[in-house]
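Just so it is clear, the model here is predicted, and its values are computed rather than measured. Heavy atoms only: backbone and side chains are in, while hydrogens, waters and symmetry mates are out.
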Amino acid sequence: MKFTDSFFDKVEKKTNVKKDTILDLAKKLQQNDLKNEGTLREVIQELGKMTGKEVSKEKEDKIVSAVMNDKVPKDMNQFF
C-alpha cells in the first residue's frame, strides 16, 4: 500500500503526529509481531503518548481484541 502526502496530512491534522514519526512507528511495527499481545500493548501505549491521548485499560483491551481477532479494517482510508 502506498501512502500519499495527503494521507499523512489527514493523519497529522487529526492527531498532531508528524509524518516522520508515523514512518518511524511503521518501521517498528514491521519489525515486530502484532499478534504478540505484549508488543501490541506497547504500541498502543506509545501511540497514546504520541497523540497525547490517554488509553484506558478497557479501550486497550478492546483494541488488542480487535487486532488479535482480525477485526481491523484492511483499508486505511476507512479510518478517516
A.B. asks: Could you report the tightest heavy-atom contact between S6 and T4, atom names first, then the distance?
C.D. replies: OG-OG1, 2.8 Å
A.B. asks: Are any of the side-chain nitrogens in D24 or K18 under 4.0 Å away from the carboxylate oxygens of its partner?
C.D. replies: no
A.B. asks: With side chains defined as the heavy atoms from C-beta onward, is the minimum distance between D5 and K19 less than 4.5 Å?
C.D. replies: yes
A.B. asks: Between atom CZ of F8 and atom CG of D20, what is the distance when rounded to the nearest 0.5 Å?
C.D. replies: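 Output value for this atom pair is 9.5 Å.
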A.B. asks: Please report the closest heavy-atom contact between V17 and M50, naming both atoms and the distance.
C.D. replies: CG2-O, 3.8 Å
A.B. asks: Between the main-chain N or O of L40 and the side-chain N or O of K35, is there a donor-acceptor pair closer than 3.5 Å?
C.D. replies: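 Side chain of K35 to backbone of L40, a donor-acceptor pair under 3.5 Å: no, none is there.
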A.B. asks: Could you tell me the separation between the CD atom of E60 and the CZ atom of R41, rounded to the nearest 0.5 Å?
C.D. replies: 4.5 Å
A.B. asks: May I ask you to decide whether D9 forms a salt bridge with K13, counting only side-chain N to carboxylate O separations under 4.0 Å?
C.D. replies: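 Looking at K13 together with D9, the answer is no, because their closest N to O distance does not fall below 4.0 Å.
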A.B. asks: Rounded to the nearest 0.5 Å, what separation is found between the CG atom of D61 and the CD1 atom of I44?
C.D. replies: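 It comes to 8.5 Å.
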A.B. asks: Could you grab the distance from atom NZ of K57 to atom NZ of K62, nearest 0.5 Å is fine?
C.D. replies: 13.5 Å
